[in-house]
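Right, one structure below, let's go through it.
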2 protein chains.
Amino acid sequence: MRTKDKILVTALQLLNEHGVKSVTIRDIAAEMGISHGNLGYHYANMELIIYALYEQLVKEMDAVIGSMQFSGIHLQLVYDSNKIMFTKFYEYRFLFIDFVAIGRSIPKLRKHYLSLQKKRAAEFFMLLMLLKSNNILSSKFSDEQYGQLIQSLTIFGDFWISSSELVYNGKKDKRVDYYLNLFFALILPYLTKEGQKQYGMLQK
Amino acid sequence: MRTKDKILVTALQLLNEHGVKSVTIRDIAAEMGISHGNLGYHYANMELIIYALYEQLVKEMDAVIGSMQFSGIHLQLVYDSNKIMFTKFYEYRFLFIDFVAIGRSIPKLRKHYLSLQKKRAAEFFMLLMLLKSNNILSSKFSDEQYGQLIQSLTIFGDFWISSSELVYNGKKDKRVDYYLNLFFALILPYLTKEGQKQYGMLQK
DNA sequence: GCAAATTTAGGACATTTGTCCTATTTATTA
DNA sequence: TAATAAATAGGACAAATGTCCTAAATTTGC
């Protein structure tokens, strides 16, 4: 692996473990066994590394979402795509754990995230509308209510990791599933009979 | 005001504005126009200041919640108590914005928060059960489902500020109301006819 | 195989920050 | 009022950190 890539791998590991505040250029160099001067040659400072990792996450998400086959609308689809997203998010958890601090110190990242979120919210809204017209989500709730639901789901999606970092004390390999389950519990009361049937048959 | 109290006031203002990462003992002293040596005499480091502010928040919350009159069970009660909590949280928003980083660097704070959260969740569960038995919340959802709802509401309650810090661009004085409204939208589908009626009549 | 470009190591330096220390001033109390 | 305690100012210092620089080593392209 090229040094430049290896730096990102090591940085990600250290950032996830110790948090943005505690990791320095020199820490990463030491962990890799290279000089801090060398590391500075590839990435002059932590912000560049963090932004590179953010770009990497976005890229990986696009790739994995893009490769999904949308064969007919079904609750399983929502489940699968969210499971992938939750898992990826957790791989890059330091970003979410220090979300605001990072957004504050790297305006470019914040700006990009905002437009990304807007796009994702619009896609998700389309998906919900589709589920609604296919009698999976109930029609008795207004589009505005579904819009609000999406906002809350977005907040949950962005911050379940932070919460779990402080609170979760279950098995490590069940963490994502646990919060994915909570996420779906938020959608549960909006389901029709048919939706509930599909929910019961979800392959988790 | 005593210097020791004034330090907390100034620290809170700076922390809310710039975040934990960017505020130092010396910054606070400079803002107050006193020497850093003097500030060190009262609080040796930032962690002591942050913990003191956390204690202050907990104390203020206890006081304000304790003074509420619980005259009969009603959705308005849930609304009012949450409005108070949301408002207080926002006054001390730096705590929530850097929740994980603070919890990591001040284990005592993390530990206290965990036991507090446990207590609050239990109280909230009792409240929901009461609303359920008073036909405000629907009986068609299981206690387990209400338990999950509380967990999601807790995550929302702890992190709406972080999200708003990055996303919200509405009027400043409507911020708390906006997220309180989203918070209640999460409860909406669990309401009975009677509950919905009370919801429509909420004095916001 | 050799010149040029890239990569690497490590030193130097300024800045920031927490921490400690002492001297002075202000407040308290007996 | 005198002595004691509390509060304040500001200097000193070490550790950490980003940043810059140079020289050596390695790789690349012709």
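The basis for the numbers below is simple: all heavy atoms, side chains too, and nothing from hydrogens, waters or symmetry mates.
- Atom CZ of B:Arg26 is separated from atom P of C:dC20 by 13 Å (rounded to the nearest Å).
- Spacing between atom NE2 of A:His18 and atom P of D:dT17 amounts to 13 Å, rounded to whole angstrom units.
- Remark: C1' of D:dA7 and CG of B:Asp5 are 14 Å apart, rounded to the nearest angstrom.
- Look at CD1 on B:Ile28: it is 15 Å from P on D:dT8, rounded to the nearest Å.
- For the pair B:Asn38 and D:dG10, the criterion of a side-chain N or O lying under 4.0 Å from OP1 or OP2 is not met.
- Considering only the side chain of A:Ser35, C:dT8 comes nearest among C:dG18, C:dT8, D:dT8.
- If you measure from atom OH of B:Tyr43 to atom P of D:dA7, you get 12 Å, rounded to the nearest angstrom.
- Residue A:Ile34 contributes atom CD1, which lies 12 Å from atom P of C:dT7 at whole-angstrom precision.
- Protein atom CG of B:Leu48 is 12 Å distant from nucleotide atom C1' of C:dG18, rounded to whole Å.
- Under the 6.0 Å distance and 45° angle rule, A:Lys108 counts as a cation-pi partner of A:Tyr51.
- Ring centers of B:Trp160 and B:Phe89: at least 6.0 Å apart, outside the cut-off.
- A:Arg110 places no side-chain N or O within 3.5 Å of a backbone atom of A:Pro107 that could act as its donor or acceptor partner.
- The listed nucleotides are D:dT17, D:dT19, D:dA9; the one nearest the side chain of A:Asn45 is D:dT19.
- Remark: C1' of D:dT17 and NZ of A:Lys21 are 15 Å apart, rounded to the nearest angstrom.
- Along DNA chain D, the nucleotide nearest to B:His36 and the one nearest to B:Thr3 differ in position, and the one closer to the 5' end is contacted by B:Thr3.
- Between A:Tyr178 and A:Tyr168, the angle of the ring planes lies from 30° to 60°, which puts this pair in the tilted group.
- At C:dT8, none of the side-chain N or O atoms of A:Tyr41 fall inside 4.0 Å of OP1 or OP2 (strictly under the cut-off).
- Residue contacts shown for B:Ile25 are limited to sugar-phosphate atoms, with no base heavy atom under 4.0 Å away.
- There is no side-chain donor-acceptor pair under 3.5 Å between B:Tyr190 and B:Gln145.
- When heavy atoms are screened at a 4.0 angstrom cut-off, B:His42 is found touching the sugar-phosphate backbone but no base atom.
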